[in-house]
Amino acid sequence: MKLTTSTLAALAFSGTLATAGDVEVLHWWTSGGEAAALNVLKGDLENQGIGWQDMPVAGGGGTEAMTVLRARVTAGDAPTAVQALGFDILDWGAQGALADLNEVAAKEGWDDVVPAALQAFAKHDGKWISAPVNVHSTNWVWANKAVLDANGIAVPQTWDEFTAAVEKLSAAGVTPIAHGGQAWQDATVFDAVAMSTGGPDFYKAAFIDLDEEALGSDTMKEAFDRMAFIRANVDDNFSGRDWNLATAMVINGEAGFQMMGDWAKGEFLNAGKTPGEDFLCFRFPGTQEQVTFNADQFMMFDQGGVVSDEQAALASAILSPSFQSAFNVVKGSVPARTDVSNEAFDACGKQGMADLAAAASSGNLFGSMAHGHANPASVKNAIYDVVTAHFNGEYDSATAVEELVDAVSIAQ
């Protein structure tokens, strides 16, 4: 449903919008590493004389932030810019709520440097409606090197090697897997497990094409069986834990592994840790050739049919090569444009950039189901419900498969 003219007018002229010369930015970057990365953008704008009105809403998957945003828009009080992911951006674009950034994009050549897979979520009806900040890949494992070395564990390359490593850590009295029991975190792990279990053709059929045969297959049951193994090897206090607190368990040597997107690297760096020396980064075993991704973007809300100077400056700053490098070095992600040098990036960053380029050229780059880049929110949330219910022991694997088929069918 499109927003009414009166609602759009309210968005433009609400008295509580950021004042001229300021940008009010709604986001969910609240952990230490994320806040450090965001300060790069704040500093860039402050150097241009543009004030920053911060509106952080905690919650790593952005679900809470989107709830706050809907309330703000309903009240006629949209922020200047909002961090968003995937289909959420396209939904707001379809409602006619977002500004047309084509003039900025044309002036700065975005079409030539932003990968097509990202443009698919940054444009609506041929118009740029958001500015991509980065590309995150989600099928990473993070490990404490000292813990692995002390237990004679090499980086696992296969699921069997991973289970053997987990069992060795468990026998040694170390929590094998750090995890936070939140739906989006459960789904992040499931994303990688499903890709590893069935491969890219299965992943695409199940989570992008929503093929009922793939969703209800024996392969899907095996993926749930593997999730049950992971559930058996997290600590008893995992429920409700924020992702960065799970990362801290690995940083502090309290756990061996964490399956999490590359934003986790920002936490290691913020704690003064060095890749290859203190921690290891590697693709989830069995997904070494694939990259599942999401991309943080800032969508700009329409303010009376014109792009404000502040919005244009924010969009321009976000896509500048210097910012793309400086921000992503800190954040743990890789640039959203393909012409940025990898010189400033550490070993994990260089690997991430190389993996992304290889996956894009080989057809192995896939939008992440768990992070809103494979299917609309209604389907994503339906999958979340089943995955989390299974992880918490409400369903066995066979029942979870049946529930998944039904939930996706109803949600479409």
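For this chain, numbers begin at 1 and follow the sequence in order. Quantities reported herein were computed from a predicted structural model and do not represent experimental measurements.
Annotation: side chain of Trp52 is in contact with side chain of Asp54 (closest heavy-atom distance under 4.5 Å). Counting only heavy atoms from C-beta outward, the side chains of Cys281 and Trp142 approach each other to under 4.5 Å. Between Ile153 and Lys168, some side-chain heavy-atom pair lies under the 4.5 Å cut-off. For the pair Pro275 and Leu269, the minimum side-chain heavy-atom distance is below 4.5 Å. The shortest side-chain heavy-atom distance between Val82 and Trp92 does not fall under the 4.5 Å cut-off. The closest side-chain heavy-atom distance from Ile383 to Asn375 is below 4.5 Å. Side-chain contact check for His179 versus Arg231: every heavy-atom pair is 4.5 Å or farther apart. Taking 4.5 Å as the limit, every side-chain heavy atom of Val73 sits out of range of all side-chain heavy atoms of Arg70.
Under the 30°/60° scheme for interplanar angles, the aromatic rings of Tyr203 and Phe207 are found to stand perpendicular.
Separation of atoms CG (Leu26) and CE (Met55) is listed at 5.5 Å; rounding is to 0.5 Å. Taking CG from Asn392 and NE2 from His390, the interatomic distance works out to 10.5 Å, rounded to the nearest 0.5 Å. Distance OG/Ser137 to CZ/Arg283: 3.5 Å, rounded to 0.5 Å. Note that CD1 of Ile89 is 9.5 Å distant from CD of Gln83, once rounded to the nearest 0.5 Å. Distance check: Asp355 CG to Cys348 SG gives 10.5 Å after rounding to the nearest 0.5 Å. Rounding to the nearest 0.5 Å places NZ of Lys42 at 5.0 Å from CG of Asn39.
Among all heavy-atom pairs drawn from Gln311 and Met300, the shortest one is NE2-CB, 3.7 Å. A pairwise comparison of heavy atoms in Glu289 and Ala359 identifies O-CB, 4.3 Å as the closest pair. Taking all atoms of both residues into account, the shortest heavy-atom contact from Arg226 to Ser196 is NH1-OG, 3.7 Å. Between Trp263 and His371, the closest heavy-atom pair is CH2-CE1, 3.4 Å. Residues Thr175 and Glu254 approach most closely at CB-O, 3.5 Å, considering heavy atoms. Nearest heavy atoms, Val40 versus Ala326: CG1-CB, 3.9 Å.
Between Glu108 and Arg337 there is no salt bridge, since none of the side-chain N atoms of the basic residue sits less than 4.0 Å from a carboxylate O of the acidic one. Taking 4.0 Å as the cut-off between side-chain N and carboxylate O, Lys145 and Asp278 do not count as a salt-bridged pair. Salt-bridge annotation for Asp111 and Lys123: present, with a side-chain N of the basic residue lying under 4.0 Å from a carboxylate O of the acidic one.
A distance below 6.0 Å separates the ring centres of Phe257 and Phe162. Remark: aromatic rings of Phe238 and Phe391 are close, center separation under 6.0 Å. You'll find the ring centres of Trp140 and Phe279 outside the 6.0 Å limit.
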Derivation and outcome, side-chain contact (heavy atoms from CB on, under 4.5 Å), residues Gln185 and Arg241: CA-CA 10 Å; Gln185 294 190 61; Arg241 177 186 290 138; 5.7 Å; no
Output, in order, the C-alpha distance, side-chain angles, deciding distance and verdict of side-chain contact (heavy atoms from CB on, under 4.5 Å) for Met249 and Leu245. CA-CA 7 Å; Met249 293 172 65; Leu245 299 182; over 6 Å; no
Could you go through the side-chain contact (heavy atoms from CB on, under 4.5 Å) check for Thr80 and Leu314 one step at a time? CA-CA 10 Å; Thr80 317; Leu314 177 60; 5.7 Å; no
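A donor atom on one side chain and an acceptor atom on the other are found under 3.5 Å apart for Glu34 and Ser31. Side-chain contact check for Asn233 and Glu167: no donor-acceptor pair (N or O, by modelled atom type) lies under 3.5 Å. In summary, the side chains of Glu267 and Thr247 do not present any donor paired with an acceptor at a separation below 3.5 Å, with no hydrogens or angles considered. In this structure, a donor-acceptor pair under 3.5 Å is absent between the side chains of Thr197 and Thr219. Looking only at atom types and distance, the side chain of Asn134 has a donor-acceptor partner in the side chain of Ser333 under 3.5 Å away. With hydrogens and angles left out, the side-chain atoms of Gln48 and Asp44 include a donor and acceptor closer than 3.5 Å. Side-chain contact, Ser368 with Asp191: a donor N or O sits under 3.5 Å from an acceptor N or O.
In the displayed structure, Glu212 atom CD is contacted under 6.0 Å by at most 12 heavy atoms of other residues, nucleotides or ligands.
Under the side-chain contact (heavy atoms from CB on, under 4.5 Å) test applied with Met353, the options Val334, Val135, Asn328 reduce to a single match, Val334.
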